[in-house]
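Everything numeric in this text was worked out from a predicted model, so none of it was measured.
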Amino acid sequence: MEKRMKEAIRYLGYGRNTADERTCTMIRNAFSEVENAAGTKCICRIFDVEQTADNNTAIGNLIIDSRSLSRNLKGCTKAVLFGATLGAGVDRLIRRTSLTDMSHAVIQQACAAALLEEYCDEQQLAIGRKLENEGLYLRPRFSPGYGDFDIRYQEPIMRMLDCAKTIGLTMTSSYMMTPTKSVTAVIGASRIKERCPVAGCEACGKSDCEYRR
Ligand code: SF4
């Protein structure tokens, strides 16, 4: 089964139980609908990184107080700030579907989340390939709101990426992103060749890694 199907099934809460054929067909149809409605966009910018104190990391002029981010970026000289969105069309599709068929809207939500993940992975691999030519190797994607990396850092990251102008991504005062199927993240870049899998530390077998999030 393709990774995106597995992801959507996981988001739908099937756990170890496999979805039946009818559900799988509904998920496949929902993937097509979401893909047709999507207008994917992304932006990345590279900044210098400096660890300024125990738990503090400076990315450009932005000082981030997070122990787990600081550990994950240890040894990195650069960081990629990354923003991506599936676009407003997906929100409109899900809203329209939810008026008549809530369970189908829930499946579209799961497919949208899986597609966003897949899109981010593809973009990250492309960024990684480019940076490898300069002798830089990417760490996993790390988003505000994960662990002790406060969600409030989403605002300066979006500002540093000029997200409203570059990819049409804005944020409400309660840190909800518009379009909703969007992410921002920090990706460390180091001269140390760790070969982090794009799926991140959770999918990585290096259990004794000192950079693990
Ligand atoms: S645990 Fe694996 S994915 Fe995470 S930082 Fe270490 S090498 Fe990279």
Side-chain angles (χ1 to χ4, degrees), residues 7-8 10-13 38 40-74 76 78-88 90-91 94-95 106 108-124 127 138-189 196 198-204 211-213:
E7 280 297 289
R10 190 172 65 81
Y11 288 133
L12 286 166
T40 48
K41 280 189 186 149
C42 73
I43 171 83
C44 73
R45 286 182 182 161
I46 300 172
F47 294 86
D48 289 332
V49 166
E50 214 180 310
Q51 314 250 238
T52 50
D54 267 3
N55 297 337
N56 283 7
T57 309
I59 300 178
N61 291 327
L62 174 65
I63 312 281
I64 298 174
D65 180 2
S66 158
R67 194 154 58 102
S68 40
L69 181 72
S70 153
R71 185 174 53 230
N72 189 231
L73 293 190
K74 201 170 156 206
C76 291
K78 304 273 179 193
V80 180
L81 294 191
F82 176 76
T85 182
L86 290 188
V90 172
D91 286 346
I94 296 173
R95 209 176 311 123
V106 169
Q108 286 176 337
Q109 284 275 9
C111 292
L115 272 184
L116 180 61
E117 197 69 12
E118 181 182 283
Y119 177 61
C120 291
D121 287 355
E122 286 166 4
Q123 297 306 314
Q124 187 176 328
I127 298 166
L138 292 184
R139 297 272 166 85
R141 222 166 38 242
F142 206 142
S143 289
Y146 187 96
D148 70 348
F149 185 12
D150 201 299
I151 187 82
R152 72 190 159 93
Y153 289 110
Q154 204 165 264
E155 194 272 323
I157 291 173
M158 285 173 70
R159 207 169 354 98
M160 289 162 82
L161 289 170
D162 213 357
C163 278
K165 252 195 213 155
T166 52
I167 57 170
L169 174 62
T170 56
M171 197 188 71
T172 67
S173 53
S174 52
Y175 300 97
M176 275 285 295
M177 286 196 274
T178 319
T180 59
K181 293 290 173 281
S182 306
V183 291
T184 59
V186 172
I187 314 169
C196 300
V198 74
C201 299
E202 293 76 9
C204 180
Y211 316 121
R212 189 171 270 276
R213 303 187 289 205

Exercise for review: Determine whether Pro140 and Glu202 make a side-chain contact, defined as any pair of heavy atoms from C-beta on separated by less than 4.5 Å.
Suggested key: no

Practice item. Please tell me if the side chains of Cys120 and Phe82 come closer than 4.5 Å, counting only heavy atoms from C-beta onward. Key: yes

Review point. Glu117 and Tyr11: side chain to side chain contact (heavy atoms under 4.5 Å, CB included), yes or no, with the steps?
Key: CA-CA 12 Å; Glu117 197 69 12; Tyr11 288 133; 4.3 Å; yes

Practice item. Measure the CG-CD distance between Leu115 and Glu122 for me, rounded to the nearest 0.5 Å. Key: 9.0 Å

Return the minimal non-hydrogen interatomic distance between [X] and [Y], and the atom names on each side.
{"X": "Pro179", "Y": "Ala88", "answer": "CG-N, 3.5 Å"}
{"X": "Leu138", "Y": "Gln124", "answer": "CD1-O, 3.6 Å"}
{"X": "Asp150", "Y": "Arg152", "answer": "OD1-N, 2.9 Å"}
{"X": "Lys74", "Y": "Tyr211", "answer": "O-CE2, 3.4 Å"}
{"X": "Arg212", "Y": "Cys204", "answer": "NH2-O, 3.0 Å"}

Side-chain ([X]) to main-chain ([Y]) donor-acceptor, under 3.5 angstrom:
{"X": "Asp91", "Y": "Thr180", "result": "yes"}
{"X": "Ser143", "Y": "Thr184", "result": "yes"}
{"X": "Gln154", "Y": "Tyr175", "result": "yes"}
{"X": "Thr166", "Y": "Leu161", "result": "yes"}

**Study point:** Tyr153: ring-ring contact (aromatic ring centres under 6.0 Å, His included) partners, not counting sequence neighbours
**Key:** Phe149

Point to revise | Within 6.0 Å of CD in Glu155, more than 12 heavy atoms from elsewhere | key: yes

Output side-chain donor-acceptor pairs under 3.5 Å for residues 58-69, partner residues at least two apart or in another chain, one line each.
from	atom 1	to	atom 2	distance (Å)
Ser66	OG	Leu69	N	3.0
Ser66	OG	Asp148	OD1	2.7
Ser68	OG	Asp148	OD1	2.4

Exercise for review: Quick one: do Thr170 and Met177 satisfy side chain to side chain contact (heavy atoms under 4.5 Å, CB included)? Show the steps, please.
Suggested key: CA-CA 6 Å; Thr170 56; Met177 286 196 274; over 6 Å; no

**Study point:** Arg141 vs Gln123, side chain to side chain contact (heavy atoms under 4.5 Å, CB included): CA-CA, chis, key distance, verdict
**Key:** CA-CA 11 Å; Arg141 222 166 38 242; Gln123 297 306 314; over 6 Å; no

